[in-house]
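To start, the structure under review is shown below, and the notes come after it.
Whatever order the structure lists ligands and atoms in, that order sets their numbers, starting from 1.
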Amino acid sequence: MMSSIKTRVLILFLLFSISAKASPPLEITREKVRLQFSVDDAGRPVYAVLFNGKEVVKPSSLGFLIDSDSLFYKNFKLAGEDRKTVDETWKPVWGEYSTIRNNYEQLTVHLKHSSGKLLDIVFKVFADGVGFRYEFPRQNGLTYFIIKDECTQFQLAGDHKAFWIPGDFDTNEYAYTTSLLSEVNNTPVVAAATDIAVRTVTDARAVQTPLMMKTADGLYINIHEAALLNYPAMQLHVDNKSFRLSSTLVPDAFNNKAYLHAPTHTPWRTIIISDKATDILASKIILNLNEPPVDTNVAWIKPMKFVGVWWEMQTGKSTWNYSDYADSTDAKGQLIPNQKHGANTANVKRYIDFAAKNGIGGVLVEGWNKGWESWFGNWKENVFDFATPYPDFNVKEITEYALLKGVNMIMHNETSGSATSYERQLDTAFRFMKQFGYHAVKTGYVGRIVPRGEHHDGQWMVNHYERVLQHGMQYQVMVDAHEPPRPTGLHRTYPNFMACEAARGNEYHAFSNGNPPDHETILPFTRLMGGPMDYTPGIFKLKGYAPGVPNRSVHSTLAKQLALYVTMYSPVTMAADLPENYEAKPDAFQFIKEVPVDWDDTKILEAEPGDYITIARKEKGSDRWFVGAITDENARATTLPLNFLQKGKKYKAIIYEDATGATWKTNPEAYSIRSVTVDSNTRLKLALAPGGGTAISIIQSE
Ligand code: NOJ
Ligand code: CA
């Protein structure tokens, strides 16, 4: 700990004043975005970013401390440069758009250090921002090396409003704070277990990325990273006075950051900029900076909605564990059932029936395998067996039943943080999935990581999560990872990486004080920038669902729960509530049945982080449009021009909205449904309740 603080102070001291005056900067420009690069008098590589002529990132330093060179951020000379322009389009396997344009100007600078070592920096400038990464070319003086620190800085131009969560090495499951950069201050907590996750914050002014900011004059800036592989996650240390952000990498047990072998490169650092908030949500920079799919054999990858034996455990109606305690055994040493076990064959069949009846593609079952009696707690190994069901879960019978009903079973592998135990069983676990026809798995990493001393967001675990994705590609299994680092667009490269958690999901309403009503208006600007989230929307019973905790409520109206299926894109999306709660409101459930999980096109109609989001999407391969509009704790009236519809065609719009008097706090379940005829000239008036939303399906009527 001490040494890391000392290192940081040293870096800050060494990098304090940066002068970019040495040589005229190299520049690349695409529309309003301009990037400048130079090497200053002290041989420091320096970059700056401008939008419309205004400084967004003032001259900021680049470089590293590496094991063999503590000055790998100065004493460089520019040895050469390369430029190119790229304009191409590509088709994602699934997503929000069927075609994506990748159009940028590229500048590569070749730097030579006084020690003789080589470093390249590649900049790509897009119409809506910049991506850059460091590349370590093949060279004699630098082969196997250790990154002690990365010295990338983002010198911002003012005290911007920021939407942030603490830079925690182990979890992203926080509510957001909205504050000025000068006010960023989170209380460090080192490895304290709270809620269900471990929290490790060692720097009171480090924040997680994606960091969303808004300047006083209305510019939106988002800083994150793309293609995080074989490297730790980057967090940002905020200097409260100078508004300089400095990269801080998640360390390992020795306070090293990354072990690399040249030729190699870092992930991309991304800066997305616009004067419109909607452009931030529409940006494709992060996906474009990721590599194409590792495999073209992807026909087995199928987006789907799913239900699950899950919310009933989260709310305490049933249990994951089969017995109350690991030592509740009878004379023969068999576990004694607690009579509340959720994953029993009859109950699972009930969910399969419900899915089949309502056209829901998948059924997730948690708590089916041995180990749950003693899973909770930190740093345990060999808790779970990923191929041995509890006695009341007849895997063969369930597989056959699901097959008969045309429903896909979704595997659940909770590791309780023991990645080593999971790795030992990885082949067995995936063979088991293959044997029983599972093409999707939800993984989980609740608790402190084994290998001990590693963190969820460090290099070792980043490599572990990738190994699981690789196993998925090999065994044709789609992955939904819980408790991973926040995503960085890797779903382009691994199209089986359908979703992950890495944020505070809807589930917090089941077991804690929940999420504030503005949470879902911030997530798309932060966590979702890197990829889909398994948020588990669709709760219909918004009060009185948690036995013994009568005051607990979901901080949303029912109509907002529907709108989330559009505003929070994910190719695997849960209908999270219990079947009986959907059966009680079949008219509202109709929207969940119809809403697609794969799209041809997306229009971000209105957005303001922390306040509201309205999105329209066109279903893949059809003419149906779906709209989701959500608001924070404030009611909202808006008028939507439907000019995205095909001209001259009439459509039927079914509008699921907050009923008069609905509010997230006292009257969340009041909704109403109306149907109107619309066309591309229609201006639709919507009224959203406090904490509310509107969901619309628009179907061609002629
Ligand atoms: C935390 C996950 O977020 C949740 O969805 C899951 O049910 C539990 N861990 C148990 O694995
Ligand atoms: Ca979680």
Side-chain angles (χ1 to χ4, degrees), residues 168 170-175 193-199 306-322 340-343 347-348 351 362-378 380 383-386 389-390 393 410-419 421-422 425 429 440-449 456 461 465 468 479-487 498-512 514-515 519 523 527 532-539 545-546 554 568 570 572-578:
D168 191 314
D170 286 286
T171 181
N172 289 270
E173 298 181 14
Y174 287 92
T194 54
D195 284 350
I196 56 161
V198 166
R199 303 195 162 174
F306 65 102
V307 290
V309 183
W310 180 73
W311 189 247
E312 58 177 81
M313 279 95 96
Q314 291 287 354
T315 52
K317 189 180 158 204
S318 67
T319 62
W320 281 272
N321 39 305
Y322 174 80
K340 273 185 81 182
H341 182 225
N347 197 30
V348 172
Y351 280 81
V363 173
L364 164 77
V365 184
E366 296 198 2
W368 66 276
N369 62 323
K370 282 196 171 159
W372 288 90
E373 285 73 21
S374 51
W375 80 289
F376 207 84
N378 291 317
K380 289 183 192 159
V383 169
F384 284 107
D385 179 327
F386 299 101
Y390 280 127
F393 182 88
I410 301 176
M411 173 52 63
H412 185 233
N413 285 172
E414 172 60 61
T415 68
S416 60
S418 178
S421 302
Y422 196 34
Q425 294 185 57
V441 62
K442 170 178 171 181
T443 58
Y445 298 83
V446 171
R448 298 175 84 174
I449 295 296
H456 287 74
M461 282 303 289
Y465 294 108
V468 174
V479 178
D480 167 11
H482 277 231
E483 296 85 30
R486 73 284 182 281
M498 309 305 280
C500 62
E501 187 184 41
R504 203 170 155 102
N506 221 8
E507 66 181 29
Y508 272 75
H509 290 114
F511 53 72
S512 79
N515 303 330
H519 192 56
L523 281 172
R527 157 66 183 77
M533 177 177 178
D534 183 14
Y535 188 69
T536 70
I539 302 303
Y545 50 82
V554 179
M568 302 269 269
S570 177
V572 291
T573 306
M574 191 169 202
D577 211 338
L578 310 177

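Atoms of ligand 1 lying under 4.0 Å from at least one heavy atom of Glu507, given by number and element, are 2 (C), 3 (O), 4 (C), 5 (O). Atoms of ligand 1 lying under 4.0 Å from at least one heavy atom of Trp320, given by number and element, are 7 (O). The contact set between ligand 1 and His412, taken as ligand atoms under 4.0 Å from a residue heavy atom, comprises 11 (O). Atoms of ligand 1 lying under 4.0 Å from at least one heavy atom of Glu501, given by number and element, are 3 (O). Interface of Trp310 with ligand 1, defined as ligand atoms under 4.0 Å from a residue heavy atom, comprises 4 (C), 5 (O), 6 (C), 7 (O).
Of the candidates Asp480, Thr415, Asn506, Val446, the one placing a heavy atom closest to atom 9 (N) of ligand 1 is Val446. Selection from Glu414, Gln314, Glu483, His482 by nearest heavy atom to atom 1 (C) of ligand 1 gives Glu483.
Among Tyr390, Trp368, Phe393, the one residue that satisfies the ring-ring contact (aromatic ring centres under 6.0 Å, His included) test with Tyr322 is Tyr390. Only one option out of Gln314, Glu366, Glu373 pairs with Trp320 in a side-chain hydrogen bond (donor to acceptor under 3.5 Å, both in side chains); it is Glu366.
Using a non-hydrogen distance threshold of 4.0 Å, Met313 does not register as a contact of ligand 1.
Taking CG of Asn413 as the start and CG of Asp385 as the end, the distance is 10.5 Å to the nearest 0.5 Å. Here the CD-CZ distance, from Glu173 to Arg199, works out to 7.5 Å after rounding to the nearest 0.5 Å.
Taking both residues in full, the closest heavy atoms of Thr443 and Tyr445 are given as OG1-CE1, 3.7 Å, listed atom of the first, atom of the second, then distance.
The salt bridge (Lys or Arg N to Asp or Glu O under 4.0 Å) test applied to Lys340 returns no partner, not counting sequence neighbours.
In this structure, Asn172 contributes its side chain and Pro485 its backbone to no donor-acceptor pair below 3.5 Å.
Considering backbone and side-chain N/O atoms, Trp372 never comes within less than 3.5 Å of an N/O atom of ligand 1. For a threshold of 3.5 Å applied to N or O pairs, the pair formed by Trp375 and ligand 1 contains no separation below that value.
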